[in-house]
Amino acid sequence: MLKNHLRRDLQWLKRQARKDRRITVGLLAGLLGAWVHQLPAAAETSASPLLLAISAALVMGSGTAWLLAAYFVSRSLRVRREPAEELRWIARISRGKEWAFCSLSAYVAWHLLHFVTALLLG
C-alpha cells in the first residue's frame with residue numbers, strides 16, 4: 001500500500017516537472033525575444049554613469065540567471081529510470097524554473113528603471 005502511494009506521488013511529481021519544464025522553456029524563449037527586441041533601443045539612450053551601471057548589472061544578472069536556467073533545463077532532457085535519479089531530474093527542472101523567474105525579475109527591474117528614468121528626465 002505504501003509503495004503504491006509512493007509510486008503515485010512520484011508520477012505526480014514527474015507530471016508537474018514536465019509542466020514546469022514547458023513553462024520554463026516558454027519563459028526562456030520569451031525573455032530571449034524581449035532582450036533582443038529591447039537592447040538595441042536602450043543602447044541609444046544616454047544617462048548618468050550610475051544609471052548605466054545599474055542597467056548593466058541588471059542585464060548581466062538577467063543573462064546569468066537565463067544561462068543557469070537553460071543549463072538546468074538542458075540537464076533535464078533525459079529521463080532517468082531509478083527513483084533517486086528521477087528525483088534529481090525533478091529538482092533540476094525546479095531549479096531551472098526558479099532561475100528563469102529570477103531572470104524575468106531582473107528584466108522587469110531593468111524595464112522599470114528605464115521607464116522611471118524616462119518619466120523623471122522627460
Side-chain angles (χ1 to χ4, degrees):
M1 177 133 170
L2 180 62
K3 192 173 183 178
N4 288 336
H5 287 292
L6 291 175
R7 185 175 295 130
R8 189 175 20 174
D9 289 345
L10 184 60
Q11 291 301 320
W12 181 85
L13 285 171
K14 286 173 29 179
R15 278 193 305 273
Q16 187 64 38
R18 283 190 288 272
K19 288 179 191 176
D20 286 348
R21 186 172 54 188
R22 285 192 297 272
I23 290 168
T24 304
V25 168
L27 184 59
L28 291 175
L31 275 169
L32 185 62
W35 276 120
V36 167
H37 179 71
Q38 291 289 325
L39 276 181
E44 299 169 359
T45 62
S46 62
S48 72
L50 177 63
L51 289 175
L52 288 175
I54 294 171
S55 181
L58 288 171
V59 168
M60 295 301 291
S62 179
T64 302
W66 191 94
L67 288 172
L68 282 168
Y71 169 75
F72 283 121
V73 169
S74 69
R75 294 277 312 213
S76 70
L77 293 178
R78 274 191 336 183
V79 176
R80 310 296 195 256
R81 294 295 168 216
E82 292 182 23
E85 290 177 341
E86 288 178 339
L87 289 174
R88 283 192 292 271
W89 175 78
I90 292 166
R92 282 187 190 116
I93 292 172
S94 178
R95 280 183 278 172
K97 184 178 173 187
E98 290 171 8
W99 281 110
F101 277 102
C102 287
S103 181
L104 176 66
S105 298
Y107 171 76
V108 169
W110 177 83
H111 215 300
L112 284 173
L113 175 72
H114 283 274
F115 178 72
V116 170
T117 302
L119 282 178
L120 294 176
L121 297 178

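Keep in mind that what you see is a predicted model, and the values were worked out from it rather than measured.
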Going hydrophobic residue to hydrophobic residue with side-chain gaps under 4.5 angstrom, can you get from [X] over to [Y]?
| X | Y | answer |
| --- | --- | --- |
| Trp110 | Val108 | yes |
| Leu68 | Leu32 | no |
| Met60 | Trp66 | no |
| Ile54 | Leu112 | yes |
| Leu113 | Leu50 | yes |

For [X] and [Y], which heavy atoms make the closest approach, and how far apart are they?
| X | Y | result |
| --- | --- | --- |
| Arg21 | Ile93 | N-CG2, 3.7 Å |
| Leu31 | Ala100 | CD1-O, 3.8 Å |
| Leu58 | Ala106 | O-CB, 3.8 Å |
| Leu27 | Leu104 | CD1-CD2, 3.9 Å |

Any chance the side chains of Trp35 and Ser62 put a donor and an acceptor closer than 3.5 Å?
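Present: a donor and an acceptor within the cut-off.
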Identified side chain to side chain contact (heavy atoms under 4.5 Å, CB included) counterpart of His5 within the set Lys3, Arg7, Arg8:
Arg8
Is the shortest heavy-atom distance from the side chain of Ile90 to the side chain of Asp20 under 4.5 Å?
no
Just wondering, do Glu98 and Ser94 contact through their side chains at under 4.5 Å, heavy atoms?
yes
Donor-acceptor pair, distance only, cut-off 3.5 Å: does the side chain of Thr64 make one with the backbone of Gly61?
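Flag not set: sc Thr64 to bb Gly61 has no pair under 3.5 Å.
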So, Trp99 side chain and Ala65 main chain: donor-acceptor pair closer than 3.5 Å or not?
no
Distance check, rounded to the nearest 0.5 Å: [X] atom [atom1] versus [Y] atom [atom2]?
| X | Y | atom1 | atom2 | result |
| --- | --- | --- | --- | --- |
| Gln11 | Leu6 | CD | CG | 12.0 Å |
| Lys97 | Lys19 | NZ | NZ | 10.5 Å |
| Ser74 | Arg92 | OG | CZ | 9.5 Å |

Decide side chain to side chain contact (heavy atoms under 4.5 Å, CB included) for Lys14 and Trp89; before the verdict, give the C-alpha distance in whole Å, the side-chain angles of both, and the deciding distance to 0.1 Å.
CA-CA 9 Å; Lys14 286 173 29 179; Trp89 175 78; 4.0 Å; yes
